[in-house]
Every structure is written in C-alpha cells, then in structure tokens.
Amino acid sequence: MLVLGIETSCDETSVAVVKDGKKVLSNQVSTSLRLHKKHGGVVPEIASRMQLETISAVADLAIEKARIKLRDIDLVSVTNRPGLLGSLLVGVSFAKSVALSLKCPLLGVDHIHSHFYANFLDAKGVKLPFVALVVSGGHTSLFYVQDFDKISLLGQTHDDACGEAFDKVAKILGLGYPGGPQIEKLAKQGNPSKIKFACSGTKGELDFSFSGIKTAVLYYVKKHADCSMRFAVSNAQQAADIAASFQESVIDTLIRKSFLACKIKKTNRLVIGGGVVANSRLREKFTAAGNTAGINCYFPPISLCIDNAAMIAGFGYELFKKGFRSDLNLNALP
Ligand code: KG4
Ligand code: ZN
C-alpha cells in the first residue's frame with residue numbers, strides 16, 4: 001500500500017511516499033528556516049506563505065523520487081494537529097485536493113504521535129507496549145503506547161518545550177536559531193558539571209518544566225558575563241560551560257522522568273522521537289543510563305528526528321489499517 005504523507009505543521013514543507021508503513025520511497029523536506037533566522041524564531045505568516053508557494057513542487061519531487069505515478073497512491077495522510085494554524089491549513093487543503101482528485105481515502109494524523117513512529121520507518125520497529133518520549137520545539141510529552149490507536153498521555157511540559165528551552169538559551173548566549181544544534185556544538189567544549197542548573201520540580205511526577213532553568217541561565221549570564229554585549233557572553237569557555245551544564249541538566253531530567261514512566265508502566269522499552277533527539281549527547285546518555293537500568297532506548301535516524309512527512313505517512317498507514325478515516329470536513333487543529 002502506497003501512502004502519500006504531507007507535513008506542514010511548522011516551518012517545514014514535507015511530502016513523502018512510504019510503502020506499507022515502513023519503507024520510505026521518498027521523503028522531501030523543504031524548510032523556510034533561513035527566512036526566520038533574522039527574527040530569532042519562526043514567523044507564522046512567513047512559514048505559511050512559503051508552504052503555499054512550495055508544496056506542489058515538493059510533492060512533485062516526492063512522487064518523482066519514489067519512482068511512482070501520483071495515481072498509484074492509495075492513501076493521503078496529513079498532519080492536521082497540532083501546529084501553526086496557517087501552516088496546517090496549507091497541508092490539509094493540499095491533502096484534501098489530492099485525495100479528492102485521486103478518489104482515494106484521506107486521514108488526518110497527530111504530529112506528536114507521528115514523531116515516535118519515526119522509529120518504525122526502515123526498521124524492525126519495537127514490540128508493543130512501550131513508553132514514548134517526544135521532545136521537540138513545541139512539545140515535551142510522555143506517552144504509554146499500548147497500540148497505535150491506544151495512546152495515553154502520562155505527562156507533558158507545563159511551560160516551555162524542551163527544544164524551545166534550547167532555542168531560548170541559545171539566544172541568551174548570543175547564538176543563532178535554531179538553538180539546539182548550536183548549544184550541542186558549543187557544549188562539546190564545555191564542562192557539564194561546572195555550573196549547577198536544575199530543572200524546576202512539577203506537581204505531576206511525569207510532567208516537565210523548562211522555563212525555570214532557562215531563567216536561571218539568563219540570571220547567571222547577567223550576573224557573570226559582560227553585559228555590554230546585551231547578555232551575549234564574551235568569554236568563550238564560560239559560554240561553553242553554560243551550554244554544557246544546561247544541556248546536561250535537561251538530559252538528566254528527561255532520563256529520570258522517562259525511566260520512571262517505564263518503571264510505573266512496567267516496560268523496559270522506551271521509544272524516543274522529536275527534533276531534540278538529534279542531540280548526540282542525549283543519545284549517548286540515554287543509551288548508557290538504559291544499559292545500567294535495563295531499559296532499551298530506541299531513537300530514529302537523525303534525518304527522521306526533525307519534522308518530516310515519512311513519519312506522517314507511516315503513522316497514517318497504521319491508523320488506516322485499524323479503520324480510521326477522515327472526510328473532506330477535516331480541519332486544522334492548532
Ligand atoms: O521536531 P522538530 O523538528 O519540530 C517541532 O515539532 O517542534 O524540533 C525542532 C526543535 C528545535 O527547538 C531545535 O532547537 C531542536 O529541535 N533541536 C535540537 C537539536 N537539533 C534540533 N535540540 C538539541 N540538540 C540538537 N542537536
Ligand atoms: Zn515536530
């Protein structure tokens with residue numbers, strides 16, 4: 001079964017063709033990132049305008065690279081939630097028109113759930129049930145996955161998302177956007193135990209809070225660094241130590257909470273997805289801690305961590321097999 005996946009929840013415009021929920025035949029991703037850089041974050045109007053302009057070309061390329069004809073598509077699977085409203089609407093409207101013209105079924109899927117599904121693409125996959133951790137620019141959530149249509153939320157962030165905290169700390173340190181990769185790079189030169197930054201406690205033991213640690217970094221920089229640079233630290237080693245110490249504390253918190261979720265749910269399978277999982281220190285630390293605790297940690301390949309349509313096609317295939325369908329009233333749910 002050939003599924004056309006469409007993903008436009010944030011700044012990416014992505015279209016993919018996936019066979020039987022697993023084999024990625026093509027996965028085209030076009031990003032408007034360079035247009036947002038000077039604003040220090042994604043500007044929704046710019047993102048949706050670029051998506052409107054590029055989606056047809058991206059889809060044509062995805063079909064061509066998959067070496068199929070558009071009429072071979074059996075299902076159109078599209079991100080319809082959550083995300084930026086204008087961006088989601090571009091993908092949903094495009095998906096509807098393709099499904100209508102091909103007279104094939106349409107399915108709207110959840111972007112966050114699709115992130116952990118990336119672990120099932122071009123891979124053997126993981127036995128159900130498992131605990132899933134999704135760490136992206138917009139979300140930090142822990143789920144218990146009994147099946148692809150039986151997903152319960154165990155905990156989530158009550159303020160900043162994990163990737164958002166990386167982006168904001170990068171801004172405080174005077175680094176560019178997106179901040180995650182820059183913090184990771186800078187942290188490699190730093191000492192992770194130099195400064196004690198801690199993530200705030202939460203009422204729910206499986207919830208997260210990253211806004212406090214971001215503010216702690218801001219105050220630390222204000223107090224210890226040269227403020228004439230408008231909060232951008234002028235001492236390179238100090239900046240690296242801040243990045244490393246912040247990153248270490250965030251990763252330790254993610255490990256502690258997701259391992260606790262595994263303990264509570266009595267499973268030794270932890271499936272992780274989302275943009276932040278591109279972080280190599282996070283992968284190393286989860287793997288090492290998992291070896292000690294007897295928990296198997298699964299990550300998607302780096303290329304499937306960031307937003308992409310292959311995960312949307314794959315997850316849509318699983319739900320379609322279970323009888324899920326959308327109709328042309330499908331709407332975007334930000
Ligand atoms: O999943 P994603 O592509 O988009 C959302 O659904 O939000 O995640 C983007 C986020 C950004 O906040 C970015 O800074 C973060 O993932 N990120 C990273 C790394 N690469 C991307 N965070 C930490 N380390 C990285 N290497
Ligand atoms: Zn995402």
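Because the structure is a prediction, the values reported are computed rather than measured. Any value given below was found using the heavy atoms of this structure, including those in side chains, with hydrogens, waters and symmetry copies removed. Order of appearance sets the numbers: ligands from 1, and atoms from 1 within every ligand.
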Here the pair of heavy atoms bringing Thr140 nearest to Cys162 is OG1-N, 2.8 Å
Mind checking whether Asp307 contacts ligand 1 via backbone (N, CA, C, O), side chain (CB onward), both or neither, at a 4.0 Å heavy-atom cut-off?
both
For Gly138, take its heavy atoms, then give the atoms of ligand 1 lying under 4.0 Å from any of them.
7 (O)
In terms of relative ring orientation, are His115 and His111 parallel, tilted or perpendicular, with 30° and 60° separating the classes?
perpendicular
Between Tyr219 and Phe197, does a ring pair (Phe, Tyr, Trp, His ring centres under 6.0 Å) hold up when you go through it step by step?
CA-CA 11 Å; Tyr219 284 136; Phe197 289 129; over 10 Å; no
Could you work out, for atom 19 (C) of ligand 1, the closest of Gly274, Pro181, Gly163 by heavy-atom distance?
Pro181
Is the cationic atom of Lys265 (NZ for Lys, CZ for Arg) positioned less than 6.0 Å from the six-membered ring centroid of Tyr144 and within 45 degrees of its normal?
yes
Among Asp159, Asp160, Asp167, find the one that has a salt bridge (Lys or Arg N to Asp or Glu O under 4.0 Å) with Lys214.
Asp160
I'd like to know if Lys188 and Glu184 make a salt bridge, using a cut-off of under 4.0 Å between side-chain N and carboxylate O.
yes
Among all the protein's non-hydrogen atoms, which is closest to atom 24 (N) of ligand 1, and how far away is it?
Asn279 ND2, 3.0 Å
Within ligand 1, which atoms have a heavy atom of Ile306 less than 4.0 Å away?
3 (O)
Can you pull out the closest protein heavy atom to atom 12 (O) of ligand 1? Residue, atom name and distance to 0.1 Å, please.
Asp167 OD2, 2.8 Å
Tell me which protein heavy atom sits closest to atom 23 (C) of ligand 1, plus the residue, atom name and distance to 0.1 Å.
Gly180 CA, 3.4 Å
Lys285/Glu248 salt bridge by N-O under 4.0 Å criterion
yes
Row for the Zn ion (ligand 2): angle NE2 (His111) to NE2 (His115), 10° precision, value 100°
Select one of side chain, backbone, both or neither to describe which atoms of Glu12 lie under 4.0 Å from any atom of ligand 1, heavy atoms only.
neither
Would you find more than 12 non-hydrogen atoms of other residues, nucleotides or ligands less than 6.0 Å from Lys322 atom NZ?
yes
Those atoms of ligand 1 less than 4.0 Å from some heavy atom in His115
1 (O), 6 (O)
Considering only heavy atoms, which of Gly83, Ser136, Ala165 lies nearest to atom 5 (C) of ligand 1?
Ser136
Check whether any heavy atom of Cys10 sits under 4.0 Å from an atom of ligand 1.
no
Is the charged tip of Arg269 near the ring of Tyr298: under 6.0 Å from the six-membered ring centre and within 45° of its axis?
no
Contact check, side chains of Val145 and Leu128, non-hydrogen atoms, under 4.5 Å
yes
Protein contact to atom 26 (N) of ligand 1 [nearest heavy atom, distance to 0.1 Å]
Glu184 OE1, 2.7 Å
Donor-acceptor pair between Asp11 and Ser32 side chains, under 3.5 angstrom
no
Considering only heavy atoms, does His111 approach ligand 1 within less than 4.0 Å through its side chain, its backbone, both, or neither?
side chain
I need the nearest protein heavy-atom contact for atom 21 (C) of ligand 1: residue, atom name and distance, please.
Gly275 O, 3.4 Å
Nearest to the Zn ion (ligand 2), which N, O or S atom of Asp307 do we find?
OD1
Please state which protein non-hydrogen atom is closest to atom 7 (O) of ligand 1 and give its distance, to 0.1 Å?
Gly137 N, 2.8 Å
